[in-house]
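Everything numeric here is computed off the predicted structure, so don't read it as measured data.
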Amino acid sequence: MTCGRTQEFLAKNKVETLEVVDAKKAPLGKKEALELARKSDELYATRGKKVFHFNLKKDKPDDEALLNVLIGPSGNLRAPAFTVGKTLIVGFDQETYQKLLK
């Protein structure tokens, strides 16, 4: 996670992380980002002020729809990105974090 706001939120709310991967040192490309998403049951992705939610078991979005919210300008998975159980969260949105990190 490279987002300072995410790190601040996690520390303030005493959320323990099991593994941290620096996105600059180990970027995930389109293929790896799709694999990560396909392992998840749900996806919450924030782009700007909009939060996208996909029920990946029920809705079955196509690769293009997923890549649109997963991949940033660098062509890699946007940061911060992390999993909580079978839920993938991409980007920072405080309300989403509060909802999912209880």
Side-chain angles (χ1 to χ4, degrees):
M1 286 177 282
T2 59
C3 180
R5 292 181 295 174
T6 297
Q7 291 174 347
E8 184 180 310
F9 179 91
L10 296 176
K12 181 180 176 182
N13 290 277
K14 297 180 174 68
V15 176
E16 182 181 336
T17 56
L18 299 177
E19 179 182 8
V20 176
V21 177
D22 186 331
K24 291 179 183 174
K25 294 180 182 176
L28 298 180
K30 292 178 181 180
K31 179 183 175 187
E32 295 88 357
L34 283 172
E35 288 173 3
L36 185 60
R38 295 291 181 205
K39 291 181 194 174
S40 304
D41 290 345
E42 288 188 277
L43 166 64
Y44 289 84
T46 303
R47 288 194 76 101
K49 295 186 184 232
K50 187 166 183 172
V51 178
F52 298 87
H53 174 247
F54 295 92
N55 179 330
L56 298 170
K57 292 296 181 189
K58 179 182 172 189
D59 300 334
K60 308 276 189 206
D62 63 23
D63 289 354
E64 184 178 333
L66 290 175
L67 290 172
N68 186 48
V69 297
L70 292 173
I71 301 300
S74 68
N76 295 315
L77 178 65
R78 295 176 42 247
F82 58 96
T83 57
V84 177
K86 296 282 282 177
T87 301
L88 175 61
I89 304 166
V90 179
F92 179 82
D93 178 66
Q94 186 167 335
E95 288 181 29
T96 301
Y97 284 18
Q98 288 171 335
K99 174 181 167 183
L100 299 174
L101 297 175
K102 290 183 179 184

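To the nearest 0.5 angstrom, H53 atom NE2 is 8.0 Å from D59 atom CG. How far CG of L34 is from CD of E64: 11.0 Å, rounded to the nearest 0.5 Å. Taking NZ from K30 and CG from L77, the interatomic distance works out to 12.5 Å, rounded to the nearest 0.5 Å. Rounding to the nearest 0.5 angstrom, the gap separating the NZ atom in K86 from the CG atom in L56 is 10.0 Å. Note that NZ of K50 and CG of D93 are 13.0 Å apart. Values are rounded to the nearest 0.5 Å.
Between F82 and Y97, the two ring planes are perpendicular [angle over 60°; tilted spans 30° to 60°].
Hydrophobic clustering (side-chain heavy atoms under 4.5 Å, transitive across Ile, Leu, Val, Met, Phe, Trp, Tyr) groups V51 together with V84. Taking hydrophobic clusters as Ile, Leu, Val, Met, Phe, Trp and Tyr residues chained together by side-chain heavy-atom distances below 4.5 Å, L10 shares a cluster with Y44. In the hydrophobic clustering of this structure, F54 does not group with L100; members are Ile, Leu, Val, Met, Phe, Trp, Tyr whose side-chain heavy atoms approach within less than 4.5 Å, directly or through other members.
Proximity of L88 to L70: side-chain heavy atoms (C-beta onward) are separated by under 4.5 Å at one or more points. Contact check for R47 versus R78: side-chain heavy atoms found under the 4.5 Å cut-off. Under the 4.5 Å side-chain criterion, counting only non-hydrogen atoms from C-beta, F9 is in contact with L101.
With V90 as reference, L43 is the one residue of L43, T46, V69 to meet the side chain to side chain contact (heavy atoms under 4.5 Å, CB included) rule.
Ion pairing of D63 with R38 is present here, as a side-chain N (NZ or NE/NH1/NH2) and a carboxylate O approach within less than 4.0 Å.
Side-chain atoms of S40 come within 3.5 Å of backbone N or O of L36 as a donor-acceptor pair.
Residue Q98 qualifies as enclosed at atom CD: its count of foreign heavy atoms under 6.0 Å is above 12.
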